[in-house]
Amino acid sequence: MALVVICGQPCSGKSMAAALLAEALQETESKPSVRIINESSFHLNRNQSYADMPSEKNLRGVVRSEVDRSLSRDNIIIVDSLNSIKGYRYELWCLARAAGTRYCVLHCDVEETFCRKWNEERRDKSEASYDDNIFDDLVRRFERPDSRNRWDSPLFELWPSRDGIEKSSAAIVDAVSYLTKRVDSKTKDVKILQPTIATQGARTTEANSLYELDRATLEVMNMIVEAQSRAMGGPLNGFPLGPGLPGIDISRPVGLPELRRLRRTFIKLTGQSSLSGPPPPSDAESAKRMFLDYLNRELGNA
């Protein structure tokens, strides 16, 4: 039915927003099935989960897998976590698209000083809180949602430090309306994501899919090397690599070894996701677009 991604700085009121949203949804006439997925669902300690990059990646993988298993057209899943990385929100958006459901982002927009104060108050009360070094690191790496990105849209914004959080808050009321509104042929303000052709079509043989993926990513890698050579080490901002393909955004020289490593990682991730989701792209153009999207996420801010 829908996937709701809660995001915000650490200690910005996300869990309260998730709980109030779930309560408000269950009070509607349709009374949908609502489930909140968060770190406490897996009995994970937040400081241990964000202590280093491997632990954080493991946490995101666990949450993503649970969302993938739970998401359907019959329930509403609320992901109550930092969800601070735009690439990760894109992955969650892809899960919603594959499931053919609605999707939205609820952002708790709070200034760092309030988040820090609330974190210290929780620590004084012996409640779950972040260590100072972990808190500082998470604040530094937070990537604000942008409604211009399809994986951040529609975007509902709360300002807990200014207005508090209530079921009557405008963002929660608007989110409930968006998530429960009946959709017909005349509805224009509610978007239900549609699976791609690759998700719906018959699976091609694994050998053929992997061959196309390998060939297409190698071709993209060679085009980037050639483009960097022409730019003489300068940035590639929206550099076109072919008709119908997204441009590449790289602000620094990226050597062949790094490109090869990113290519191997992309092929591995695509193969792993195909075990529980859609198969790898069976045509070269789709594979090129997916690889370029991945490179832009990984290198766009490099």
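Quick caveat, the model's predicted, so the values are computed rather than measured.
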Just distance, no hydrogens or angles: give the donor-acceptor pairs under 3.5 Å from side chains in residues 170-181, sequence neighbours left out.
{"from": "Tyr178", "atom 1": "OH", "to": "Lys191", "atom 2": "N", "distance (Å)": "3.2"}
{"from": "Tyr178", "atom 1": "OH", "to": "Lys191", "atom 2": "O", "distance (Å)": "3.2"}
{"from": "Thr180", "atom 1": "OG1", "to": "Val176", "atom 2": "O", "distance (Å)": "2.6"}
{"from": "Lys181", "atom 1": "NZ", "to": "Asp189", "atom 2": "OD1", "distance (Å)": "3.0"}
{"from": "Lys181", "atom 1": "NZ", "to": "Asp189", "atom 2": "OD2", "distance (Å)": "2.8"}

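- You'll find the side chain of Arg261 stays beyond 4.5 Å of the side chain of Pro257, heavy atoms only.
- The shortest side-chain heavy-atom distance between Glu66 and Ser41 does not fall under the 4.5 Å cut-off.
- Here Asp132 pairs with Arg123 in a salt bridge; the nearest charged N to carboxylate O distance falls below 4.0 Å.
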Kindly indicate, with the supporting measurements, whether the criterion side-chain contact (heavy atoms from CB on, under 4.5 Å) is fulfilled by Arg150 and Tyr90. CA-CA 8 Å; Arg150 60 187 185 275; Tyr90 172 76; 3.7 Å; yes
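- For Arg73 (side chain) and Thr101 (main-chain N/O), no donor-acceptor pair under 3.5 Å exists by modelled atom type.
- Looking at heavy atoms from C-beta onward, Phe135 lies out of side-chain contact with Ser129 at the 4.5 angstrom threshold.
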Taking only distance into account, with no hydrogens and no angle test, what donor-acceptor pairs under 3.5 Å do side-chain atoms of residues 288-295 form with protein atoms, sequence neighbours excluded?
{"from": "Lys288", "atom 1": "NZ", "to": "Glu219", "atom 2": "OE1", "distance (Å)": "3.4"}
{"from": "Lys288", "atom 1": "NZ", "to": "Glu219", "atom 2": "OE2", "distance (Å)": "3.0"}
{"from": "Arg289", "atom 1": "NH2", "to": "Ser286", "atom 2": "OG", "distance (Å)": "3.3"}

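- With hydrophobic clusters built from ILVMFWY side chains whose heavy atoms lie under 4.5 angstrom apart, Tyr88 shares a cluster with Tyr50.
- Using a cut-off of 4.0 Å between Lys/Arg side-chain N and Asp/Glu carboxylate O, Glu120 and Arg116 are scored as not salt-bridged.
- The side-chain contact (heavy atoms from CB on, under 4.5 Å) search around Asn45 returns Asn47, Gln48, not counting sequence neighbours.
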Output, in order, the C-alpha distance, side-chain angles, deciding distance and verdict of salt bridge (charged side-chain N to carboxylate O under 4.0 Å, His left out) for Asp109 and Arg144. CA-CA 9 Å; Asp109 193 354; Arg144 293 178 61 89; 3.0 Å; yes
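- Residues meeting the side chain to side chain donor-acceptor pair (under 3.5 Å) test with Arg122, sequence neighbours left out: none.
- Of the options Lys31, Glu23, Glu29, a side chain to side chain contact (heavy atoms under 4.5 Å, CB included) to Glu27 is made by Glu23 and by none of the others.
- The ring-ring contact (aromatic ring centres under 6.0 Å, His included) search around Trp159 returns none, not counting sequence neighbours.
- Counting heavy atoms of neighbouring residues, nucleotides and ligands inside a 6.0 Å radius, atom CZ of Arg148 does not exceed 12 of them.
- Looking at Glu56 and Arg60, a side-chain N of the basic residue comes within less than 4.0 Å of a carboxylate O on the acidic one, giving a salt bridge.
- At least one side-chain heavy atom of Arg263 sits under 4.5 Å from a side-chain heavy atom of Asp214.
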With side-chain contact (heavy atoms from CB on, under 4.5 Å) as the test, would you mind laying out the steps for Arg260 and Met221 before giving the verdict? CA-CA 8 Å; Arg260 285 172 175 164; Met221 188 178 71; 3.9 Å; yes
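- Atom CD of Glu121 sits in a crowded spot, with more than 12 heavy atoms from other residues, nucleotides or ligands closer than 6.0 Å.
- The closest side-chain heavy-atom distance from Leu262 to Leu299 is below 4.5 Å.
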Salt bridge (charged side-chain N to carboxylate O under 4.0 Å, His left out) between Arg89 and Asp152, intermediate numbers included: CA-CA 7 Å; Arg89 295 196 296 270; Asp152 288 334; 2.7 Å; yes
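- Residues Asn38 and Lys14 are not in side-chain contact: their nearest non-hydrogen atoms beyond the backbone lie 4.5 Å or more apart.
- Qualifying side-chain contact (heavy atoms from CB on, under 4.5 Å) partners for Val62, counting only residues two or more places apart in sequence or in other chains: Phe42, Asn58.
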